[in-house]
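Notes to accompany the following structure.
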Amino acid sequence: QVQLVESGGGLMQAGGSLRLSCAASGRTVNGYVMGWFRQAPGKEREFVAAINRSGDLTTYTMSVKGRFTISRDNAKNTLYLQMNSLKPEDAAVYYCAATSQIFLRGPYGYWGQGTQVTDSS
């Protein structure tokens, strides 16, 4: 079993950048496909991005493609989400997730507690 803890959230400005991190413990993450999800107030949780076990295959939801980059450092047991050109609609609670399945879209069985990204405008 793997435990996930997100960090890096905070206030965002339109056009700005933030980098989220997800530290894993319990088991090494190289056995898991990992992803980021987000949930804005009043909305359902949505898929943002995912990365395969070796880090050479990624997928993104259309609204963040070209602005967000998912990456992983298996040696550090850490997942990242670099968010650039932020938009007000990117404000949400961001969740890190992991799955032992091979498909990037999951289903995901392990979740972090979330980190809040808040629009400062």
Side-chain angles (χ1 to χ4, degrees):
Q1 194 167 359
V2 62
Q3 292 80 44
L4 305 170
V5 178
E6 304 93 336
S7 61
L11 292 176
M12 56 152 279
Q13 289 186 330
S17 298
L18 280 176
R19 189 194 197 200
L20 305 183
S21 299
C22 173
S25 61
R27 299 188 70 172
T28 56
V29 296
N30 58 6
Y32 296 88
V33 166
M34 300 193 73
W36 288 98
F37 292 74
R38 67 186 180 186
Q39 187 168 20
K43 295 186 176 181
E44 293 188 353
R45 185 168 59 190
E46 66 169 345
F47 170 84
V48 176
I51 189 167
N52 69 343
R53 295 169 183 173
S54 58
D56 59 358
L57 181 64
T58 58
T59 186
Y60 299 88
T61 191
M62 189 61 66
S63 63
V64 309
K65 194 172 292 186
R67 300 188 298 120
F68 289 11
T69 302
I70 188 172
S71 62
R72 65 193 296 164
D73 186 334
N74 288 341
K76 295 183 178 179
N77 259 11
T78 303
L79 176 73
Y80 303 99
L81 185 67
Q82 178 66 45
M83 306 188 295
N84 298 329
S85 301
L86 285 162
K87 301 177 180 180
E89 54 263 40
D90 293 322
V93 177
Y94 282 74
Y95 297 91
C96 170
T99 177
S100 57
Q101 303 293 321
I102 63 172
F103 304 108
L104 296 187
R105 295 287 178 138
Y108 287 79
Y110 303 100
W111 295 86
Q113 83 291 346
T115 185
Q116 179 78 51
V117 174
T118 304
D119 185 9
S120 63
S121 62

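These figures come from a predicted structure and were not determined experimentally. Throughout, numbering of the chain's residues begins at 1 and tracks the sequence.
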Item checked: Heavy-atom closest contact (V2 atom, A24 atom, distance) -> CG2-CB, 3.8 Å

Next item on the list: Report the distance from atom CD of Q1 to atom OG of S100, rounding to the nearest 0.5 Å.
Entry: 11.0 Å

Notebook entry, point to check: Quick one: side-chain contact (heavy atoms from CB on, under 4.5 Å) partners of S120, sequence neighbours excluded?
Noted result: L11, Q13

Next item on the list: Check whether any side-chain heavy atom of L20 sits under 4.5 Å from a side-chain heavy atom of M83, and report yes or no.
Entry: yes

Which donor-acceptor pairs under 3.5 Å do the side chains of residues 102-111 make with protein atoms, sequence neighbours left out?
{"residue": "Y108", "atom": "OH", "partner": "L104", "partner atom": "O", "Å": "2.5"}
{"residue": "W111", "atom": "NE1", "partner": "Y108", "partner atom": "O", "Å": "3.4"}

Checklist line | Counterpart residues, side-chain hydrogen bond (donor to acceptor under 3.5 Å, both in side chains), relative to S17 (two or more places apart) | finding: N84

Next item on the list: Not counting sequence neighbours, list each pair that qualifies as a disulfide bond (SG atoms under 2.5 Å apart) and has a residue in residues 37-67.
Entry: none

Checklist line | Residue pairs involving residues 48-68 (criterion ring pair (Phe, Tyr, Trp, His ring centres under 6.0 Å); sequence neighbours excluded) | finding: none

Margin query: Using 0.5 Å steps for rounding, measure from the CE atom of M12 to the CG atom of L86.
Written below: 4.5 Å

Note to self: Under the disulfide bond (SG atoms under 2.5 Å apart) definition, can you give me all pairs with a residue in residues 22-121, not counting sequence neighbours?
What the structure shows: C22-C96

Next item on the list: Measure the shortest side-chain to side-chain distance between V117 and L18 over non-hydrogen atoms and say whether it is less than 4.5 angstrom.
Entry: yes

Under 3.5 Å, which donor-acceptor pairs do the side chains of residues 34-41 form with other protein atoms, sequence neighbours left out?
{"residue": "W36", "atom": "NE1", "partner": "Y80", "partner atom": "O", "Å": "3.1"}
{"residue": "R38", "atom": "NE", "partner": "E46", "partner atom": "OE2", "Å": "2.6"}
{"residue": "R38", "atom": "NH1", "partner": "D90", "partner atom": "OD1", "Å": "2.9"}
{"residue": "R38", "atom": "NH1", "partner": "Y94", "partner atom": "OH", "Å": "2.9"}
{"residue": "R38", "atom": "NH2", "partner": "E46", "partner atom": "OE2", "Å": "3.2"}
{"residue": "R38", "atom": "NH2", "partner": "S63", "partner atom": "OG", "Å": "3.4"}
{"residue": "Q39", "atom": "NE2", "partner": "K43", "partner atom": "O", "Å": "3.0"}

Checklist line | For the student: nearest non-hydrogen atoms of A98 and L4, plus distance | finding: N-CD1, 3.8 Å

Notebook entry, point to check: Do E6 side-chain atoms and Q113 backbone N/O form a donor-acceptor pair below 3.5 Å?
Noted result: yes

Note to self: If you define the side chain from C-beta out and look only at heavy atoms, does anything of L79 sit under 4.5 Å from I70?
What the structure shows: yes

Check: Would you say T59 and F47 make side-chain contact, with heavy atoms under 4.5 Å?
Finding: yes

Next item on the list: Only pairs at least two apart or in different chains count here, so list each disulfide bond (SG atoms under 2.5 Å apart) that has a residue in residues 36-72.
Entry: none

Next item on the list: Check N77, T78, N52, I51 against R72 for a side chain to side chain contact (heavy atoms under 4.5 Å, CB included) and give me the one that passes.
Entry: I51

